[in-house]
Amino acid sequence: MKIILEGLPREVSDADIRDFLEGYVEVLELEIYASRQGEHSSAWITIVASHAEAHWAVGRLNGRYWRERTVKAYISLFSDNQ
């Protein structure tokens, strides 16, 4: 299952995101992408979760204020959703 986080700080690291997600989901893989304008980053994250667990996590993470930014969380449409 893949989730997407948008609106992350530009200088965010793999370890930062893993810490942010601790207690919500187990991370298998993580890719960070910086915006072309250089103002923020996004992350595509492969997680260990059922469809229901992923929706629960996204519901808790979406709109959460973290490091002076409001994070947007989505379940990827291009995922191996079960």
Distance (rounded to the nearest 0.5 Å) between R10 CZ and I32 CD1: 11.0 Å
L28-V25 co-clustered via ILVMFWY side chain contacts under 4.5 Å: no
Linked hydrophobic residues, Y65 as query - side chain contacts closer than 4.5 Å: none
Pairs flagged by salt bridge (Lys or Arg N to Asp or Glu O under 4.0 Å) wherever residues 18-30 is involved - sequence neighbours left out: D14-R18
Shortest non-hydrogen separation from W66 to P9 and the atoms involved: CZ3-CD, 4.0 Å
Pairs involving residues 58-74, ordered by first then second residue, that meet salt bridge (Lys or Arg N to Asp or Glu O under 4.0 Å) (sequence neighbours left out): D16-R67
Partners meeting ring-ring contact (aromatic ring centres under 6.0 Å, His included) with H55 (sequence neighbours left out): H51
Interatomic distance, L21 atom CG to I45 atom CD1 [nearest 0.5 angstrom]: 5.0 Å
Side chain to side chain, F20 and V12, heavy atoms closer than 4.5 Å: no
Set of side-chain contact (heavy atoms from CB on, under 4.5 Å) partners for E53, sequence neighbours left out: A49, S50
side-chain contact (heavy atoms from CB on, under 4.5 Å) partners of V58, counting only residues at least two apart: I3, A73, I75
Polar side-chain atom of S41 near backbone of L8 as donor-acceptor pair, under 3.5 Å: no
Whether Y33 and W44 hold their rings parallel, tilted or perpendicular, with breakpoints at 30° and 60°: perpendicular
